[in-house]
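Structure first, then comments.
Throughout, a chain's letter reflects where its sequence line sits, starting with A, and its residues are numbered from 1.
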Number of protein chains: 2
Amino acid sequence: MAITAFDPRSATELGSYAESAPEDVRRAASAARARFADPAFRDDATRARLLRAAARALRDAGDELRPLCEAETGLPEARVAGELERTCRQLEAFADVVDAAEHVEAIIDLPDPSSTPPRGDIRRMLIPIGPVAVFGASNFPFAFGVAGGDTASSLAAGCPVIAKGHPSHPGTNERVARALLEAGLDGGAFTLIQGTSNEIGEALVDAPEIEAVGFTGSLRGGRALYDRAAQREKPIPVYAEMGSVNPVVVTETALREGAESIADGLAVAVSGAAGQLCTKPGIVLVPDTEAGASFVAAVADRLAGGGPQPMLNERLRDSLSERLDEVVPHVETLRAGGPGDTGYTFAPAAFRTTARALRERPDLTDECFGPVVLFASYADDLEETLASFHGQLAASIHAAPDEAPAIAEILRERVGRLVFGGFSTGVAVCHAMQHGGPYPATTAPWSTSVGMTAIRRFLRPVAWQDAPAQALPPALRDGNPLGIWRLVNGELTRD
Amino acid sequence: MAITAFDPRSATELGSYAESAPEDVRRAASAARARFADPAFRDDATRARLLRAAARALRDAGDELRPLCEAETGLPEARVAGELERTCRQLEAFADVVDAAEHVEAIIDLPDPSSTPPRGDIRRMLIPIGPVAVFGASNFPFAFGVAGGDTASSLAAGCPVIAKGHPSHPGTNERVARALLEAGLDGGAFTLIQGTSNEIGEALVDAPEIEAVGFTGSLRGGRALYDRAAQREKPIPVYAEMGSVNPVVVTETALREGAESIADGLAVAVSGAAGQLCTKPGIVLVPDTEAGASFVAAVADRLAGGGPQPMLNERLRDSLSERLDEVVPHVETLRAGGPGDTGYTFAPAAFRTTARALRERPDLTDECFGPVVLFASYADDLEETLASFHGQLAASIHAAPDEAPAIAEILRERVGRLVFGGFSTGVAVCHAMQHGGPYPATTAPWSTSVGMTAIRRFLRPVAWQDAPAQALPPALRDGNPLGIWRLVNGELTRD
């Protein structure tokens with residue numbers, strides 16, 4: 001069996017890559033479990049070095065990786081280069097997290113002989129959970145690929161990774177994996193699995209050595225993994241980041257103050273990278289006014305300016321066509337868009353409906369993955385409409401400062417991130433980032449897949465009670481040898 | 001339909017209590033959702049007051065609650081009184097957590113125009129998830145009951161609670177609920193549901209308003225809820241704290257230095273409260289030596305000293321008898337124990353096998369809920385045996401300081417808490433406590449059901465990007481109006 005790569009710009013065949021067999025998965029899982037117990041891999045300084053070496057190896061491979069990735073994904077040169085660099089920095093940022101050692105969340109309660117019953121010495125920190133399965137996304141071949149955020153945060157946590165590369169860019173996966181292995185993430189620390197069949201993915205989720213799953217992709221794919229993992233004899237958490245329409249709210253005031261610049265930004269957010277972002281704004285709520293109507297027309301015009309752009313693969317293009325066939329009968333078409341003449345291209349599409357129709361046909365709020373936007377005009381039913389949305393990764397609010405709080409109040413119950421005066425497309429890698437949200441945006445609303453707190457997904461707390469000094473990890477020892485912040489008797493301190 | 005309460009000491013009927021209907025669950029869920037959105041309930045100071053009022057109301061009801069609970073559970077007077085007070089303090093401790101406002105884990109990354117692409121202002125904190133279903137345990141009618149740790153941490157988080165009382169002590173549940181309602185936790189903030197049928201519990205887990213489930217009880221019960229919640233159209237997390245045998249390791253050195261006092265402690269840990277604790281040591285690994293053999297005999301002797309004690313209900317007594325029928329053919333009986341003549345009593349039992357047999361028959365490491373202990377003698381196979389254990393709430397180590405680290409190293413991968421020189425039975429409510437562990441000890445190893453971090457189960461992160469001051473919650477505003485610790489640009493600060 002082999003995986004064939006295609007150039008989506010022309011639909012030409014690029015090459016053929018080996019597909020893994022279920023026994024490769026079992027071998028990888030067993031190697032990952034062994035590596036998990038390896039004292040060298042346990043050592044934080046070693047892992048931080050490995051993460052930095054991986055970043056260097058990826059940068060060094062850039063001249064090979066960039067053209068390979070461009071050809072396999074059809075993504076523009078600048079985007080591919082930017083994403084590769086972002087991926088390297090992400091690995092380095094997690095190395096910094098490991099070095100800082102604060103991610104273990106050390107908490108110490110010293111003995112309290114006066115309590116009833118007398119309380120002993122309790123010390124708690126987070127430890128790694130074990131080998132993690134990562135399913136790479138099609139749309140971010142680097143940043144959410146086999147060396148992306150899930151892999152970086154898992155390795156940082158101390159958890160070996162078995163990464164299933166997305167079959168849409170098998171050559172990129174292979175070259176990335178080679179860089180990681182050459183950087184020292186071999187011997188079970190990182191293993192690439194490739195395959196087009198469900199069987200391989202299922203074998204990975206089923207492997208008893210695997211303790212968690214990271215996934216970025218469709219609702220259907222994420223839910224299938226979630227269901228599978230929940231049915232294991234020992235269920236494991238699935239951190240699946242899935243589809244979203246990331247609603248945008250535009251108020252009359254905002255249009256009065258800057259309709260043109262909002263239209264510019266929205267057109268880019270909808271059609272950049274052919275709209276193949278989980279944070280693409282898919283539904284835009286606009287006032288049912290003259291200003292609203294001309295804003296909608298202005299965005300549709302801008303979208304008409306761009307021709308068909310390559311989608312990542314044939315399946316995504318076909319799925320989008322099928323999805324639009326479902327949507328079109330129920331909405332007004334402003335710009336039909338649709339498949340282009342060459343390769344797997346697709347021209348941007350724009351539709352219009354009413355907020356009321358959205359509430360009455362909730363399936364209109366299902367994701368259209370690609371360069372498609374649906375406008376919905378509201379009268380006095382904005383809040384009611386926002387309250388009808390299910391879980392979203394993000395939402396964007398274009399409103400006056402005195403209008404924004406009421407809108408944000410409703411949306412925050414439904415999203416992982418609120419963006420004010422901008423769009424949700426960019427997801428910065430930083431401490432405060434939250435990339436997640438209530439189901440169906442993710443299967444784990446308490447977690448994030450981007451930002452430094454993503455490491456928590458792969459850690460769990462353990463308490464040591466009345467432990468002798470020798471049995472305590474350094475993070476919990478008297479004298480605070482690591483010099484980290486710890487909560488001691490309820491007070492944060494570095495002493 | 002009605003629930004009948006029995007005095008397990010005598011098997012006499014105590015009274016009859018109304019059973020809830022599925023429509024009561026639906027009404028409660030809808031009220032809980034409405035209360036969740038109520039600005040008064042959103043207010044931290046208000047909720048802290050409500051938690052303290054609940055503690056006061058429970059203390060005030062003590063003279064009614066204690067005898068009621070003793071009669072329904074057969075638990076000794078001192079234990080019931082101590083548990084009630086612990087439950088009140090737990091409510092107050094969570095009120096302190098709300099007042100301190102640090103549990104929102106505020107993180108702020110100020111704009112970085114120099115980054116590529118320029119990064120905006122990102123601020124993240126935890127917010128409550130929504131109404132929570134709590135399933136009370138039979139064995140801790142107060143501390144893990146309808147006003148126990150799950151309820152306290154959920155209310156503290158800002159999540160209304162629908163609590164299903166354990167049918168083993170319906171009168172206690174009703175009186176506790178009355179205290180909470182009178183304290184102001186009415187109008188959907190707290191609702192008691194009672195029932196003996198699976199139907200009621202299933203209706204609660206299925207209610208679309210419910211965002212998470214807290215449960216303390218058996219593996220079978222917890223797994224059934226987990227499976228049910230995973231099959232919802234919108235799956236929700238189930239924080240089930242389930243069975244465990246909490247292995248104890250005793251080394252030759254430890255026996256040399258204090259066999260008598262370890263035997264005293266172990267006998268109490270096994271038989272106290274008729275062994276009906278999820279943290280009861282169920283399996284004790286002892287050296288296959290003369291000292292080991294006399295230690296085992298000493299513990300068995302001590303257990304023989306106590307007569308039959310009441311179990312919480314008829315079902316638990318019968319289940320334990322059935323479980324022992326499975327175990328007995330494969331082990332050596334040191335003390336047969338078994339059902340007593342009056343009520344639902346059970347006399348302590350002790351068995352012996354080898355570490356090798358434990359590895360060969362993993363079902364021997366399944367929980368025996370009650371006053372039962374199984375000794376397993378090890379030679380040079382201690383580490384191998386420890387490595388064969390599945391997830392446990394806790395483990396206890398009786399070893400010299402230089403022996404403990406190697407044992408702890410293996411056990412920490414399998415438990416939520418390591419106890420050195422003591423026993424796992426007591427679970428203090430403090431910041432550092434971890435009461436959880438890998439499956440099957442819990443369905444959510446990343447969480448705890450006891451201790452202040454239990455609040456995290458009912459919170460999820462949201463990020464605000466480039467928000468105007470008016471749209472930011474106080475915890476994230478410039479100037480830090482709450483005066484809380486926040487991670488700002490990667491540094492913890494109160495500024």
Point-to-point distance, once rounded to the nearest 0.5 Å, from CD of B:Gln434 to CD1 of A:Ile107:
9.5 Å

Please verify the inter-ring angle class for B:Tyr239 with A:Trp446; under 30° counts as parallel, over 60° as perpendicular, anything in between as tilted.
perpendicular

Rounded to the nearest 0.5 Å, how far apart are CH2 of B:Trp485 and CD of A:Glu491?
9.0 Å

Taking every heavy atom of B:Ala463 against every heavy atom of A:Ala432, the minimum-distance pair comes out as CB-O, 3.8 Å

Flag the pair B:Glu413 and A:Arg42 as a salt bridge only when some basic side-chain nitrogen lies within less than 4.0 angstrom of an acidic carboxylate oxygen.
yes

Any chance you could measure A:Tyr439, atom OH, to B:Arg232, atom CZ, to the nearest 0.5 Å?
10.5 Å

Quick one: are B:Thr453 and A:Arg124 in side-chain contact, heavy atoms under 4.5 Å?
yes

Interchain contact, B:Arg89 with chain A, by part (heavy-atom threshold 4.5 Å):
side chain

Engaged part of A:Arg456 at the chain B interface, taking heavy atoms whose separation is under 4.5 Å:
side chain

In terms of heavy-atom contacts, B:Ser447 and A:Pro461 come closest through N-CD, 4.4 Å

Look at B:Ser424, B:Ala230, B:Ser115 and state which one has the largest set of heavy-atom pairs under 4.5 Å with chain A.
B:Ala230

Using side-chain heavy atoms (C-beta onward) and a distance below 4.5 Å, is B:Pro440 in contact with A:Lys234?
no

At a 4.5 Å cut-off on heavy atoms, which part of A:Trp464 comes close to chain B: side chain, backbone, both, or neither?
both

Working to the nearest 0.5 angstrom, can you tell me the gap between B:Gln470 CD and A:Glu403 CD?
11.0 Å

Most contact-rich option vs chain A, by heavy-atom pairs under 4.5 angstrom, among B:Ala467, B:Ala100, B:Pro235, is B:Pro235

Name the region of A:Leu472, side chain, backbone, both or neither, that has any atom closer than 4.5 Å to a heavy atom of chain B.
neither

About how many Å separate CD1 of B:Ile122 and CZ of A:Arg417, when rounded to the nearest 0.5 Å?
6.5 Å

Top contributor to chain A contacts, counting heavy-atom pairs under 4.5 Å, from B:Leu487, B:Thr443, B:Asp466:
B:Asp466

Does any backbone or side-chain atom of A:Phe458 lie under 4.5 Å from a heavy atom of chain B? Answer side chain, backbone, both or neither.
neither

If you tally heavy-atom pairs under 4.5 Å against chain B, which of A:Arg457, A:Met125, A:Glu105 wins?
A:Glu105

Enter the distance from A:Leu418:CG to B:Arg123:CZ here, rounded to the nearest 0.5 Å.
14.0 Å

Just wondering, do B:Ile127 and A:Arg412 contact through their side chains at under 4.5 Å, heavy atoms?
yes

Salt-bridged, B:Glu233 to A:Arg223, with N to O below 4.0 Å?
no

Looking at A:Pro468, A:Gly416, A:Ala408, which has the largest count of heavy-atom pairs under 4.5 Å with chain B?
A:Gly416

With chain A, which of B:Gly421, B:Gly451, B:Pro237, B:Ala106 has the greatest number of heavy-atom pairs at distances under 4.5 Å?
B:Pro237

Toward chain B, the part of A:Gln231 with a non-hydrogen atom under 4.5 Å
backbone

Among A:Ala469, A:Pro401, A:Ala428, which residue has the highest count of heavy-atom pairs closer than 4.5 Å to chain B?
A:Pro401

Can you find a pair of side-chain heavy atoms, one from B:Pro438 and one from A:Arg460, that are under 4.5 Å apart?
yes

Given that the side chain runs from C-beta out, which part of A:Asp227 has a heavy atom under 4.5 Å from chain B: side chain, backbone, both or neither?
side chain

